[in-house]
Amino acid sequence: MTPRWRHFLAMALTASVLMQAPAWAQELAAGEVRDLHFGEALFHFYQDDHFTSLSRLLMAQEAGRITHHRDDAELLAGGLYLQFGMYDEAERAFRKLLDERSDPALHDRVWFQLGRAHYRQGKHEAALGALQRVDGRLAGYAAAELPLLKAQSNMALGRYTSAAALLENWQGPADWLPFMRYNLGVALIRSGDADAGIAQLEALGRTPARDEEDKALRDRANLALGYTWLQQSEPGRALEALQRVRLEGASANRALLGVGWARTAMDDHAGALVPWQTLWTRDRLDGAVQESLLAVPYALARLDADQQAVHAYERALAAFDDELRHLDDVMNAAKSGELVDALLLADDPERARWHWQLDELPVSSVSRYLHALIASHGFQQGLGHYRDLLALGRHLDEWHERLETFDHMVEAQMLAAQQRAPVIDARIEAIDVESLVARRDELAARLEDIARDRDVVGLGNDEELEFWKLLEELASGPALAAAPEQARERHRLLRGHLLWQMDRDYGYRLWQQQRALTELDGHLEEVAPRLQRVMEIRAARPQELEALAERIDALSPRIDVLRDQVALLRAEQAGVLTAMAMSWLEAQQQRLVAYQVQARFALATLYDRAATAARPAPVLEPGS
Amino acid sequence: MDMKRLLMAVLLAASLGAVPLAAEQSLDTRMQDLRQEILHLNRELFMLEEDLLFPANTQVAVFLSMDVGEFFALDSVELKLNDRVVKRYLYTPREVEALLRGGVQQLYLGNLRSGSHELVAVFTGKGPHDRDYRRATSLNFEKGIGAQFVELKISDRVSRQQPEFLVREWD
């Protein structure tokens with residue numbers, strides 16, 4: 001086996017593939033939401049607006065608006081901290097739940113989240129420690145993800161036998177099966193059980209794929225399988241596996257290269273030329289394509305087509321020169337600080353704000369050279385930080401403006417309150433509750449007298465009283481006494497009728513008056529506290545406005561300080577990303593230079609062979 | 001085997017795979033601290049905003065939630081308070097998805113004086129058999145001293161194969 005195979009085999013047998021969907025998100029959706037404000041945090045969370053989700057959640061918690069979902073809220077907060085890379089804060093939120101709650105099922109969920117947090121940080125021992133505390137009470141997606149996480153942690157620690165054991169007993173959703181099977185195949189091969197591992201990869205490599213993700217995974221399985229068969233000196237089987245890899249896709253170039261090596265191992269050098277020459281038309285930055293630039297003349301030389309081999313080496317040298325020139329340009333652009341902005345051009349303005357993963361790489365000369373770096377976790381994380389800092393900066397700018405508006409509002413309200421104060425005071429002053437109460441008491445006493453004496457006249461209506469007064473005045477005056485008998489009789493009848501009428505209505509009128517008095521008492525009872533509240537509001541308003549103004553005054557400089565810090569950190573982050581890119585580009589430069597040396601050496605050998613045609617010339621393997 | 005070239009290949013592979021992250025890690029810690037500070041600040045700013053613009057004694061918030069959504073695909077909502085339109089909202093597929101997964105949208109936040117009020121919500125979308133569907137629901141409520149929360153809930157009534165539009169007050 002050539003050393004170069006080992007390099008590509010190592011790349012093909014990547015330690016593990018990660019599941020995309022976090023189980024905790026599905027878990028939170030289960031059951032009815034019984035706190036509106038918790039539901040609101042979920043609403044933003046499900047739209048990937050994690051910052052708003054966390055901000056609203058923290059505010060609702062602070063305001064005591066989450067009562068039914070306290071534990072879920074802590075779990076969500078912890079998960080959101082994780083999304084933000086705030087591992088310490090996430091751990092604090094989870095530890096709090098462990099300390100304060102005794103529910104074993106909740107503990108399982110928390111240990112699971114803590115395990116995920118450690119795993120995301122690359123703390124695999126700690127991750128395993130936490131995940132092993134989970135005691136069988138997880139349900140649904142989390143239960144299925146637990147053994148996968150344990151297995152991935154074990155694989156990261158090089159414990160492939162343990163990982164394989166975990167994966168062999170795995171049970172979970174059918175659409176996760178390809179991920180599991182790939183990881184199991186890799187774990188088994190790495191643990192030394194190549195046959196079992198190959199069986200897993202074979203099964204996956206022949207499974208019909210439903211979507212692009214499955215197809216990519218199937219390609220990876222076939223690629224790993226092909227290189228494993230090459231390692232086992234089984235080029236025929238390697239060929240079979242590698243030919244199942246699609247001609248387009250992330251694994252295609254390495255598969256084509258492997259096909260060439262398999263055919264070489266079968267002494268079919270002409271056959272090897274076909275896939276290798278296909279690679280020539282592809283992106284020259286790809287490691288497999290660069291390798292093919294040396295592999296093609298190697299095969300030609302093995303076919304004794306020296307002249308063509310010389311041309312092919314010269315073509316390879318020209319290609320390397322060309323790429324080195326481009327690389328120089330890109331390095332100069334990266335050094336001048338254009339790199340990060342160029343990468344962010346492809347961001348979706350709607351989602352860029354808190355969107356972390358770069359789903360599709362932007363097409364530019366810079367990104368072309370940095371494709372693999374950009375796709376790497378470290379660079380993605382750094383880019384995520386930078387994008388996040390941009391968004392945080394914009395967010396602070398918005399608050400800065402709003403705070404200015406708030407400041408003006410409070411000022412205007414203070415002025416309005418000052419202007420309205422005398423009017424309000426005068427109106428409060430004019431309200432004399434005591435005199436109202438005195439008037440009520442007077443009426444109540446009068447009603448009591450009427451009831452005690454059964455004073456039917458006392459409850460007469462205005463018309464009756466006027467008539468009664470007239471009759472009484474007539475009775476007390478000299479005129480009636482002097483009047484004829486008929487007139488006096490008429491007066492007596494009228495008085496009697498009026499008295500009868502008032503007596504007839506007395507009971508109803510007394511009940512009416514007593515009911516009115518009760519109603520009045522009710523209203524009077526409300527007046528005092530309402531007035532009290534108005535006076536309190538009146539007294540408190542200036543202080544409230546003052547307090548709001550103080551809060552604004554305190555927040556304003558904090559925003560300014562944080563804006564400066566964001567700007568500073570953003571510049572530093574751009575520097576880090578540029579340094580990562582430069583280091584990456586320099587490595588590519590070194591690799592191209594090394595290939596140049598190899599090509600020149602091989603070319604010199606061919607020239608030498610041509611010059612001394614009589615004696616057989618050595619042929620240099622490109623990967624030896 | 002040419003050991004020098006093997007070594008070179010291994011070194012190259014190593015240098016391609018590993019990028020030094022030492023400087024980034026300390027930056028990472030500072031990022032964590034900064035995010036934490038901004039989150040705290042944000043919480044305080046939201047609270048200030050609410051205290052200033054929507055004080056508890058006049059605050060009214062209307063929320064919208066959905067359950068299964070089999071019989072109704074939400075397009076928009078119009079909200080009226082005391083016969084005045086206070087909100088018209090057109091939903092994106094992403095928002096509808098978030099609602100179906102259990103999210104609750106704060107549709108409206110405003111102020112009302114204490115006393116009796118009428119809320120009317122008109123929902124527009126696609127009903128059973130993909131037909132255009134428009135339904136209204138209303139609530140008469142008494143606004144007290146504290147903040148008032150109202151939930152509009154779109155639910156599937158399986159027995160009638162129809163959507164159901166509910167409105168309820170929260171304590």
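A quick note: this is a predicted structure, and the numbers were derived from the prediction, not measured.
- Side chains of N42(B) and H395(A) form a contact here, defined as non-hydrogen atoms less than 4.5 Å apart.
- A heavy-atom distance below 4.5 Å is not found between the side chains of L52(B) and R551(A).
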Evaluate the side chain to side chain contact (heavy atoms under 4.5 Å, CB included) criterion for residues Y46(A) and E95(B): first the C-alpha distance (whole Å), next the side-chain angles of each, then the deciding distance (0.1 Å), finally the verdict. CA-CA 8 Å; Y46(A) 289 141; E95(B) 286 166 334; over 6 Å; no
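- A salt bridge is absent between E89(A) and R35(B); no separation between the charged side-chain nitrogens and carboxylate oxygens falls under 4.0 Å.
- For a residue to count as touching a neighbouring chain, one of its non-hydrogen atoms must lie under 4.5 Å from one of that chain's; by this rule E97(B) does not touch chain A.
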Full working for side chain to side chain contact (heavy atoms under 4.5 Å, CB included) between L39(B) and M86(A): CA-CA 11 Å; L39(B) 274 167; M86(A) 295 166 67; 3.8 Å; yes
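- Note that the CZ atom of R94(B) and the CD atom of Q47(A) stand 6.5 Å from one another [nearest 0.5 Å].
- Other residues, nucleotides and ligands contribute only 12 or fewer heavy atoms inside 6.0 Å of the CZ atom of R134(B).
- Taken to the nearest 0.5 Å, the CD atom of E572(A) stands 11.5 Å off from the CE atom of M31(B).
- Residue L577(A) does not touch chain B at all, counting heavy-atom pairs closer than 4.5 Å.
- Side chains of R101(B) and L42(A) form no contact here, defined as non-hydrogen atoms less than 4.5 Å apart.
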Evaluate side chain to side chain contact (heavy atoms under 4.5 Å, CB included) for L34(B) paired with L562(A), printing each intermediate quantity in order. CA-CA 8 Å; L34(B) 184 65; L562(A) 287 172; 3.5 Å; yes
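- Interatomic distance, F406(A) CZ to L45(B) CG, rounded to the nearest 0.5 Å: 8.0 Å.
- Contacts of R570(A) with chain B are absent, with no heavy-atom separation under 4.5 Å from either backbone or side chain.
- Ranked by heavy-atom pairs under 4.5 Å with chain A, the list N57(B), L48(B), T92(B), L99(B) is led by L48(B).
- Residue V597(A) does not touch chain B at all, counting heavy-atom pairs closer than 4.5 Å.
- For the atom pair CZ (R30(B)) and CG (L569(A)), the distance works out to 5.0 Å, reported to the nearest 0.5 Å.
- Within the model, atoms CD of E44(B) and OG of S55(A) stand 11.5 Å from one another, a figure rounded to the nearest 0.5 Å.
- Taking CD from E37(B) and CZ from R558(A), the interatomic distance works out to 7.5 Å, rounded to the nearest 0.5 Å.
- More than 12 non-hydrogen atoms from other residues, nucleotides or ligands lie less than 6.0 angstrom from CZ of R168(B).
- Of the listed residues (L548(A), L36(A), L54(A)), the one with the most heavy-atom contacts under 4.5 Å to chain B is L36(A).
- Side-chain contact check for L41(B) versus L396(A): some heavy-atom pair is nearer than 4.5 Å.
- Only the side chain of F63(B) comes within contact range of chain A, with at least one heavy atom under 4.5 Å from a heavy atom of that chain.
- Highest contact tally toward chain B, considering only V410(A), L389(A), L57(A), is held by L389(A) [criterion: heavy-atom pairs under 4.5 Å].
- When side chains are defined from C-beta on, Q32(B) does not count as touching Y81(A), because their heavy atoms never get closer than 4.5 Å.
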Could you walk me through whether F149(B) and H37(A) pass side chain to side chain contact (heavy atoms under 4.5 Å, CB included), step by step? CA-CA 10 Å; F149(B) 301 133; H37(A) 293 87; 3.6 Å; yes
